[in-house]
**Student:** 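Submitted below is the structure of interest, expressed as structure tokens.
Here is the naming used below: chain letters follow the sequence lines, and residue numbers restart at 1 for every chain. Scope of the values below: all heavy atoms of this structure, side chains included, with no hydrogens, waters or symmetry mates. Just so you know, these numbers come straight off a predicted model, no measurement behind them.
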There are 2 protein chains.
Amino acid sequence: MEDVAELAGVSAMTVSRVLNAPEKVRPETRARVLAAVRELDYRPNSAARVLVTGRSGVLGVVCFDTTLYGPASTLFGIEQAARDSDYLVSIASLPALNRTWITRGIDRLRSQSVDGVIVVAPHESAAEGLRHLPPGLPAVDVGGGTDLPVPVAAVDQYAGAARATRHLLSLGHRTVWHLSGPPNWIDASGRVAGWRSVLEAEGREVPEPLVGDWTAHSGYEIGKRLAREPDVTAIFVANDHMAMGVLRALREAGRRVPEDVSVVGFDDVPEAAYFWPPLTTVRQNFGEVGRQAFQLLLDRIFGVDGEARRMVEPELVVRESTGVSP
Amino acid sequence: MEDVAELAGVSAMTVSRVLNAPEKVRPETRARVLAAVRELDYRPNSAARVLVTGRSGVLGVVCFDTTLYGPASTLFGIEQAARDSDYLVSIASLPALNRTWITRGIDRLRSQSVDGVIVVAPHESAAEGLRHLPPGLPAVDVGGGTDLPVPVAAVDQYAGAARATRHLLSLGHRTVWHLSGPPNWIDASGRVAGWRSVLEAEGREVPEPLVGDWTAHSGYEIGKRLAREPDVTAIFVANDHMAMGVLRALREAGRRVPEDVSVVGFDDVPEAAYFWPPLTTVRQNFGEVGRQAFQLLLDRIFGVDGEARRMVEPELVVRESTGVSP
DNA sequence: GGAAGGCCTGTTAGCGATACCATGAGCTGG
DNA sequence: CCAGCTCATGGTATCGCTAACAGGCCTTCC
């Protein structure tokens, strides 16, 4: 920086100002400084800046498994929004979902002076971790449960599940079975609740939900059990991958979809339209959730007390697994 | 830090030593310092440390679309390896794959004083970007092409494609058609080359490869064309998602898999075993690639001149799409 | 018994930037 | 014509840490 200052015939202070508050420098001087900056390919040292300002321009994301479609897409949305605002994203993935690891992940990020943290771990343990947040650290939760001490951005799982369930009932089914995600996952319980509420409101029988682990494998195994029950004519599956396993199990058991059984998934992964049959599902705009989470965090960082909860509406996408289309 | 030193009755220098080179401090003193650290919940300021040491403990990953299964899994592998070595990972995703954006992504990371950079952009433009790397910045490429000026970790696409092709020929097919990924993608061209080499070595006709864009949609559209050709009895598809589209197109055209047409994919996404029929495919261990890339980077950071290329062997996974299993 | 050497700890300086206050030039208005 | 203001710039201290050297004490060995 000293060199740039010398080359431009000004002081280091002026160089700093050109870079941080250009309007406070005479245009002519500014131009000279910028020329020197380019000439020397000068790049400010962020560590020094952090040291004195306390701002790093980096935000941290704590997440569990970024190979899953949902988290990966959310992360991507966060990253895009961050890039547009000149923030950098550091990630801390967790080997397991519990309070200890979440706290450790946050600490790891904090030790790098991140300006804020977004927690993408839609799991009950995240709530515990967030309750014991270091004070003064701006944080936002994605997908989170109720009563969190931080702002939340999420897809309205409850509404999505309700929509899916109503759709199935509207096709004339007596009731709707549910294959849920693992307990303790916020998304999973939200979908169970939405599904149950519709059945209860309509006075239908509420079958005991079956529990999978989000994988196609678990969908297949549980699907085989469901396929044996002639009563089962409509299944709401908590994600598309499990739904894929269910579809295969039904087919192998000789039960036709949608003629004998209707199936609805959740997520709308890009491949869902190419399942066999194409899957009716609930589309979640993960990218939007990520962007909203970033906005919330930005508000917190700058001390704006905006809304504490941003809900993204899911959308029912009807395909052939719940009715024969042309 | 001053406070910790005072509480422990030592100088700041000793506190620093306890944290960075514990063996140079008498155990008794060390214990006193550590107690003080805990008592005050002291956390070293990484910015200050970076400023003086030049090491940040952060590595950067430049990537394109982290919602795709491959890049997401690789990133995950890198992150896990980094965590085990107490590194943090910052990501810079690119809005487009070309030299300008790659350079910009690297610059963005560099401005945060990352210790090194891993580029996960298996695209020709990455090569250009890597050739104009700022000198002195340790860098590693994932999946990269030939003649790169940096170490490379990758799955041996050529070998994988060759294996898939030989497998199809071994089933008695006259030749094998290929649905490739987008040109300019290194993975795509490696798979084309492996496929072509086997056909040529066996003296088979080499059909013009068809070009998709990795999506199930493109697989479906191109699959419809292939389904109309009675000649086509064996298809090697460059990834599993496109293969899914192909399977659906074949089925809709009344061509049975594997009785009429055999299909092989690439990747072995977790759902591949639940496609209809279950997909024979080439498993890539993305996580391992990520770990290897991290190791290579670590070597570069510490000036170890190890191997410049780490190849991970892919594995053919035979399922029903190329033969009826029980 | 005293010089040499090893171990542990402390002192000083500086990493590269910005916050804060000071300064001087130029303008305005009574 | 000068007080009093604004505007552009500069000087200095400081953020929290560690590299490099310095020094005190205790051992070791002739």
**Student:** If you compare every side-chain N and O of B:N45 against the phosphate oxygens of D:dC15 (OP1, OP2), does one of them come in below 4.0 Å?
**Tutor:**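 Negative; the distance criterion is not met.
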**Student:** Just the rounded figure in Å: distance from P of D:dG16 to CG of B:N20.
**Tutor:**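 Spelled out: CG on B:N20 to P on D:dG16 is 17 Å.
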**Student:** Nearest of D:dT18, C:dA17, D:dC15 to any side-chain atom of B:R49?
**Tutor:**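 For B:R49, the side-chain atoms sit closest to D:dT18.
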**Student:** Answer yes when B:R104 and B:D107 have at least one side-chain N-carboxylate O distance shorter than 4.0 Å, and no when they do not.
**Tutor:**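 Looking at B:D107 together with B:R104, the answer is no, because their closest N to O distance does not fall below 4.0 Å.
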**Student:** With rounding to the nearest 0.5 Å, note down the distance linking CD in A:E313 to CD in A:E288.
**Tutor:**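 A:E313 CD to A:E288 CD: 12.0 Å, rounded to 0.5 Å.
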**Student:** Are more than 12 heavy atoms from other residues, nucleotides or ligands located less than 6.0 Å from atom CD of A:E23?
**Tutor:**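 Yes, enclosed.
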**Student:** Begin with the C-alpha distance, continue with both residues' side-chain angles, and end with the deciding distance and a verdict on ring-ring contact (aromatic ring centres under 6.0 Å, His included) for A:F286 and A:F76.
**Tutor:** CA-CA 9 Å; A:F286 291 109; A:F76 193 58; over 10 Å; no
**Student:** Between the protein and nucleotides 8-10 of chain D, which nitrogen or oxygen pairs are less than 3.5 angstrom apart?
**Tutor:**
| from | atom 1 | to | atom 2 | distance (Å) |
| --- | --- | --- | --- | --- |
| D:dT9 | OP1 | A:R26 | NH2 | 3.4 |
| D:dT9 | OP1 | A:T29 | OG1 | 2.3 |
| D:dT9 | OP2 | A:R26 | N | 3.0 |
| D:dG10 | OP2 | A:S11 | N | 2.9 |
| D:dG10 | OP2 | A:S11 | OG | 3.0 |
| D:dG10 | OP2 | A:T14 | OG1 | 2.5 |
| D:dG10 | N7 | A:R17 | NH2 | 2.9 |

**Student:** Should B:L297 and B:Y87 count as side-chain neighbours, where that means a heavy-atom distance under 4.5 Å?
**Tutor:**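 Heavy-atom side-chain distance check fails, nothing below 4.5 Å.
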**Student:** Check the distance between C:dG16's C1' and A:Y42's OH and give it to me in whole angstrom.
**Tutor:**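 Atom OH in A:Y42 sits about 7 Å away from atom C1' in C:dG16.
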**Student:** For residues 92-101 of chain A, please give each side-chain donor-acceptor pair under 3.5 Å, one per line with the distance, not counting sequence neighbours.
**Tutor:**
| from | atom 1 | to | atom 2 | distance (Å) |
| --- | --- | --- | --- | --- |
| A:S93 | OG | B:E79 | OE1 | 2.3 |
| A:S93 | OG | B:R83 | NH2 | 3.3 |
| A:N98 | OD1 | A:T100 | N | 3.1 |
| A:N98 | OD1 | A:W101 | N | 2.9 |

**Student:** Quickly work out the A:M1 CE to D:dG11 P distance and round it to whole Å.
**Tutor:**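 Rounding to the nearest Å, CE of A:M1 and P of D:dG11 are 13 Å apart.
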**Student:** Nearest-Å distance, CG (A:L19) to C1' (C:dA19)?
**Tutor:**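 My rounded result for the distance is 16 Å.
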**Student:** Using atom CD of A:E6 as one end and atom C1' of D:dG11 as the other, report the distance to the nearest whole Å.
**Tutor:**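 Nearest whole value for this atom pair: 17 Å.
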**Student:** Within this structure, what is the CG-OG1 distance for the pair A:N285 and A:T74, rounded to the nearest 0.5 Å?
**Tutor:**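 Between atom CG of A:N285 and atom OG1 of A:T74 there are 9.5 Å.
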**Student:** Go through C:dA17, C:dG16, C:dA19 for me and flag the one nearest to the A:S16 side chain.
**Tutor:**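 It is C:dA17.
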**Student:** Would you mind reading off the distance between A:E28 atom CD and D:dC7 atom C1', rounded to a whole angstrom?
**Tutor:**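 Distance check: A:E28 CD to D:dC7 C1' gives 14 Å.
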**Student:** Could you state the atom-to-atom distance from CD of A:Q112 to C1' of D:dG16 in whole Å?
**Tutor:**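 After rounding, the gap between these two atoms is 14 Å.
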**Student:** In whole Å, I'd like the distance from the CG atom of A:L51 to the P atom of D:dG16.
**Tutor:**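 Computing the A:L51:CG to D:dG16:P distance gives 7 Å.
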